[in-house]
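Below: the structure, in structure tokens.
Any value given below was found using the heavy atoms of this structure, including those in side chains, with hydrogens, waters and symmetry copies removed.
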Amino acid sequence: MALANLARTAPQPAPQQAEQSELHPQLNRAQVRIIGVSKIYAGQHGDVTALHGIDLSISRGEVFGIIGRSGAGKSSLIRTLNRLEQPSKGRVLIDQVDIGEFDENRLVALRRRIGMIFQHFNLMSAKTVWQNVELPLKVAGVAKAQRQQKVRELLELVGLADKHQAYPAQLSGGQKQRVGIARALVHDPDILLCDEATSALDPETTQAILALLKTINQRLGLTIVLITHEMAVIRDICDRVVVLEQGRIVEQGPVWEVFGNPQHEVSKTLLAPLQHDLPEELRSRLQTARPSPDAAVVLRLQFTGSHRDEPDLAALFAALVGRVRLLQGGVERIQGHALGQLLLAVSGSSLNSEQLRERAEHWAQRCEVVGYVV
């Protein structure tokens, strides 16, 4: 795909915003800033507050994840970025320009700079793949030759060049989402918003769509803001993440840090499906007190990513001075950091359980004695 026409120039900040950036140089990297944003909806039984004083910044070119349980305020938050939702309080700045006072014409221009893809694709069933992608360009009055070139480039980018004559009913879920992605890119946006873009897809198709989004992020330098309720999606594509609960940010940081050492109960709950619990067969045999000297000590070692190196298992096992069996677990790399947990059974050691725990903590960030098994 030709990328020369995708070069972007950010608008110049207003004087007071420029002064603030001089006082806080880190904000110069922020393409999106959300400052004290609250959103209140009027209801039959009283007002409902969906967002409470949200503050965050998103850097140019990063993949930023917003995660939370159903009703946490994710969709309300992401829709403030293109003014589909007007905040009840607070400000949203794009390239240091406050979008809160934009008139209709400026909003149209803003929304062309901010593409959006949806969970249920939102394709027009009576139009072909080509026509679905071309439609926003026709509405914008783009000349036919330019439309054809752009649609051809985008269908090639998303891997659907051979499906240009197909209708949505003839496509798989993943192919429909690829059409949605191509359509979102027709105006060469600076920012791409993904509203639960993989929630309707099977795991294999989800991986393919996430790989495509990562490619788009890297090739086009696009900032991607992605909302989801799936921690696996955050792990696989995002650079940073915020966790929402009842309209408030309860945790945020680099993905490896939130995954490796979650602080809030909501984060731990969302991460639970990705973590291995004790096998039922082992749980049924586990005892809290050591029944006999030859009973094995069961240790749970956790690697939170604060050390980048993978654990040296040979050195770890040697340090425990006994027979060591790996019961369960694994370590993966996220953003260059080693994270995971190991469940070990140690028998025949000259060390007591507390000494074993202390020895193991030399190699892991945390270690606990889970119990004993014969």
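- By the 4.5 Å heavy-atom criterion applied to side chains, Arg69 and Thr269 are counted as neighbours.
- For residues 215-266, every residue pair satisfying the ring-ring contact (aromatic ring centres under 6.0 Å, His included) rule, not counting sequence neighbours, is listed here: Trp256-His337.
- A donor-acceptor contact shorter than 3.5 Å links the side chain of Lys39 to the backbone of Gln86.
- Val139 belongs to a hydrophobic cluster whose other members, connected by ILVMFWY side-chain contacts under 4.5 Å either directly or through intermediates, are Met124, Leu135.
- Put simply, CD on Gln31 and CG on Asp190 are 5.5 Å apart, with the number rounded to the nearest 0.5 Å.
- Annotation for Leu344: hydrophobic cluster partners, listed by chain and number, are Val297, Leu299, Leu301, Phe303, Leu313, Leu316, Phe317, Leu320, Val321, Val324, Leu326, Val331, Leu342, Val346, Leu351, Leu356, Trp363, Val369, Tyr372 (ILVMFWY side-chain heavy atoms under 4.5 Å, direct or chained).
- Between the side chains of Glu85 and Tyr41, at least one donor N or O lies within less than 3.5 Å of an accepting N or O.
- Gln263 places a side-chain N or O within 3.5 Å of a backbone atom of Asn261 that can act as its donor or acceptor partner.
- Annotation: Gln302, atom CD; neighbour count of heavy atoms from other residues, nucleotides and ligands within 6.0 Å is above 12.
- For the residue pair Asp195/Gln119, the side-chain donor-acceptor check at 3.5 Å is not satisfied.
- There is a side-chain donor-acceptor pair under 3.5 Å between Ser267 and Glu251.
- Residues Gln148 and Lys144 are in side-chain contact: their nearest non-hydrogen atoms beyond the backbone lie under 4.5 Å apart.
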